[in-house]
Number of protein chains: 2
Amino acid sequence: MDIKELESSYFDDKIYVKNVAVDNVIFGYHDKELRVLLQRPTSFPKWTVTGGYVRKTESIEEAADNIACMRTGLKNLFLKQFRSFGNPSRTKGEREIVKKFFESIGMELPADSWILDYSVSIAFYTLTEFSRVTVQKAPFDEAIDWWPVSQLPPMMFDHALIIAEALKALQHHIYHYPIGYELLPEKFTLPEIHSLYETILDKTLDNRNFTRKLMSTGIVKKLDETRSIGAHRSPYLYKFDKRKYDTALKKGIFLAF
Amino acid sequence: MDIKELESSYFDDKIYVKNVAVDNVIFGYHDKELRVLLQRPTSFPKWTVTGGYVRKTESIEEAADNIACMRTGLKNLFLKQFRSFGNPSRTKGEREIVKKFFESIGMELPADSWILDYSVSIAFYTLTEFSRVTVQKAPFDEAIDWWPVSQLPPMMFDHALIIAEALKALQHHIYHYPIGYELLPEKFTLPEIHSLYETILDKTLDNRNFTRKLMSTGIVKKLDETRSIGAHRSPYLYKFDKRKYDTALKKGIFLAF
DNA sequence: AATTTATTTCGTCAAAATGACAGAATATGT
DNA sequence: ACATATTCTGTCATTTTGACGAAATAAATT
């Protein structure tokens with residue numbers, strides 16, 4: 001998206017849905033760490049969740065997918081809508097910053113522009129393995145980076161809340177849906193998926209009991225291969241049983257870690 | 001809300017948030033039956049979920065609460081946001097009907113009015129005991145009534161989907177939150193809450209096991225009173241332990257019925 | 001070649017939770 | 001006193017859970 005398109009579109013009520021934004025909390029997992037992809041638009045003093053507006057030709061899910069794709073280069077990531085945010089004060093205190101941002105890129109926003117007005121944000125979260133991602137800096141981002149969920153920078157608007165809620169939703173969903181498919185390589189080891197769950201839930205899980213429960217769901221299956229990890233016993237490789245995984249995604253499961 | 005206010009407001013971009021609607025699926029329970037409160041606005045051939053628009057001075061939660069209050073007369077009912085809906089086609093096929101509706105009440109909508117445009121709906125569900133409700137007919141409703149969730153009339157837009165999703169969300173939440181406080185009188189019997197759960201989950205639950213699990217949560221406590229129900233053994237009365245109930249609402253519980 | 005080290009994997013056991021099931025208690029009308 | 005309809009309580013075999021420890025393995029070290 002270049003300046004021309006941005007300029008013509010944000011001002012053109014025929015293209016974008018007014019007063020509605022989509023924010024997408026992109027979670028990345030790698031090496032036992034959970035991070036969030038954040039951006040800092042030009043001249044912004046604080047960071048924001050990746051987000052954008054909704055074209056009238058697309059669904060909110062498509063908008064969220066586009067946002068994820070624009071920033072990660074990956075299409076069709078796992079996307080989950082978890083809540084919408086809307087109240088008079090959520091952007092109020094920082095509208096001046098938004099205005100300055102548009103000025104800094106050479107666009108004068110009319111005072112009554114919907115961009116500076118009451119804004120409803122439909123929030124999604126996305127999961128990905130962040131070593132697979134080549135972060136894409138958008139034209140008007142001064143910075144874009146992965147931040148550990150436990151050490152976030154100062155956030156704009158209510159975005160700290162949005163991230164906190166996204167994390168809560170993820171932690172809740174992990175008990176009912178087979179999280180992991182998007183966060184791990186195709187073939188992974190038991191210790192790897194074990195660490196993933198520990199990281200997301202932020203607590204230690206007995207490895208023997210974890211394995212027992214995970215295997216009882218049937219969504220992962222053991223392969224007849226091992227991975228060499230140096231001077232230690234080689235762990236077996238596992239992969240998701242896509243068939244059962246999809247069923248579990250649709251019908252839900254019940255894990256009690 | 002009278003015509004004057006409606007007229008001046010829907011056209012005034014300064015009062016309402018454009019392109020955003022709040023729909024509230026009001027569930028009512030009574031006598032072992034689960035129903036939904038539906039309205040049929042003047043000249044509409046089909047029914048809709050109760051809904052409305054968001055004032056720029058209020059949050060989406062307040063908007064949902066107002067909708068519930070306008071229709072039931074009850075304030076501060078249990079409200080839960082479960083999903084937002086937004087895609088180009090969800091209202092497209094029936095915009096002509098909306099236009100005719102406004103004409104029928106003497107208002108000519110401009111062709112480019114946001115009311116006929118792409119609409120994002122933020123959906124909530126609400127719970128109440130429907131014998132406590134005196135249904136409030138709004139000025140422009142031709143009809144408003146409780147419909148059994150299993151026998152809905154023809155629905156406008158994607159409202160049949162919205163109700164289906166609300167029901168799924170409710171059935172899911174019942175495993176994790178202490179549903180029932182809003183759906184039962186202050187004092188209730190064990191068979192009553194048992195039937196409530198059976199109705200919502202749409203399956204039979206062994207009464208002995210149900211009691212055991214319910215009591216183990218600690219959210220309800222037995223009283224030293226009974227209710228006379230005629231020629232049968234008098235059931236004991238129970239009430240929610242508000243303290244533990246609130247904790248459970250906040251922290252969540254884990255019921256496996 | 002034996003030993004050390006770090007990591008993975010497998011196994012046990014007591015306690016708790018679950019699912020299936022039946023019979024006793026009680027309030028009223030006959 | 002008895003019949004009837006409904007509420008309430010209890011048991012038991014099975015399964016699941018939580019808490020542990022010990023054996024197996026791959027490479028580096030002696």
Look at the side chain of [X] and the backbone N and O of [Y], then say whether any donor-acceptor pair between them is shorter than 3.5 Å.
X	Y	value
Glu198(B)	Leu205(B)	yes
Gln171(B)	Ile200(B)	yes
Asn24(A)	Ala64(A)	yes
Tyr197(A)	Ile179(A)	yes

Residue-level proximity of residues 185-202 of chain A to DNA chain D when a heavy atom falls under 4.0 Å:
none
Set of salt bridge (Lys or Arg N to Asp or Glu O under 4.0 Å) partners for [X], sequence neighbours left out:
X	value
Lys239(A)	Glu186(A)
Lys32(B)	none
Glu61(B)	none

Check this for me: Lys244(A), atom NZ, are more than 12 non-hydrogen atoms of other residues, nucleotides or ligands nearer than 6.0 Å?
no
State which residue, out of Thr50(A), Leu127(A), Val49(A), Val149(A), fulfils the side-chain contact (heavy atoms from CB on, under 4.5 Å) condition with Val25(A).
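So the option named by the test is Val49(A).
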Span of DNA chain D engaged by chain A, first through last nucleotide within the 4.0 Å heavy-atom cut-off, is dT17(D) to dA27(D)
Please work out which residues in [range] have a non-hydrogen atom less than 4.0 Å from an atom of DNA chain C and list them by number.
range	result
residues 227-240 of chain A	His232(A), Arg233(A), Pro235(A), Tyr236(A)
residues 213-220 of chain B	Lys213(B)
residues 203-211 of chain B	Asp206(B), Arg208(B), Asn209(B)

Mind listing the side-chain donor-acceptor pairs of residues 71-78 of chain A below 3.5 Å, one per line with the distance, residues two or more places apart or on another chain?
from     : atom 1 : to        : atom 2 : distance (Å)
Arg71(A) : NH1    : Asp141(A) : OD2    : 2.4
Arg71(A) : NH2    : Gln39(A)  : OE1    : 3.3
Thr72(A) : OG1    : Ala68(A)  : O      : 2.7
Thr72(A) : OG1    : Leu74(A)  : N      : 3.1
Lys75(A) : NZ     : Asp65(A)  : OD2    : 3.4
Lys75(A) : NZ     : Asn66(A)  : OD1    : 3.3

Please confirm whether Lys242(A) makes a cation-pi placement over Tyr181(A), using NZ or CZ under 6.0 Å from the six-membered ring centre and within 45° of the ring normal.
yes
Could you summarise the pairing of DNA chain D as dot-bracket text, marking Watson-Crick and G-U pairs under 3.5 Å with ( ) or [ ] inside the strand and | across strands?
||||||||||||||||||||||||||||||
Going by ring pair (Phe, Tyr, Trp, His ring centres under 6.0 Å), name the residues that satisfy it together with His194(B), two or more places apart in sequence or in a different chain.
Phe210(B)
Going by side-chain hydrogen bond (donor to acceptor under 3.5 Å, both in side chains), name the pairs with one or both residues in residues 247-257 of chain A, residues two or more places apart or in two chains.
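Output for this query is empty, none listed.
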Check whether the side chains of His176(B) and Tyr175(A) place a donor and an acceptor atom closer than 3.5 Å, and report yes or no.
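No pair is found: no donor N or O on one side chain lies under 3.5 Å from an acceptor on the other.
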Arg227(B) bridged to Glu192(B) by N-O distance under 4.0 Å:
yes
Could you tell me whether Arg208(A) and Asp206(A) make a salt bridge, using a distance below 4.0 angstrom between a side-chain N and a carboxylate O?
yes
What is the distance, rounded to the nearest whole Å, between atom CZ of Arg212(A) and atom C1' of dG11(C)?
10 Å
Evaluate the ring planes of Phe44(A) and Phe157(A), with Trp represented by its six-membered ring, and classify them as parallel (under 30°), tilted (30 to 60°) or perpendicular (over 60°).
perpendicular
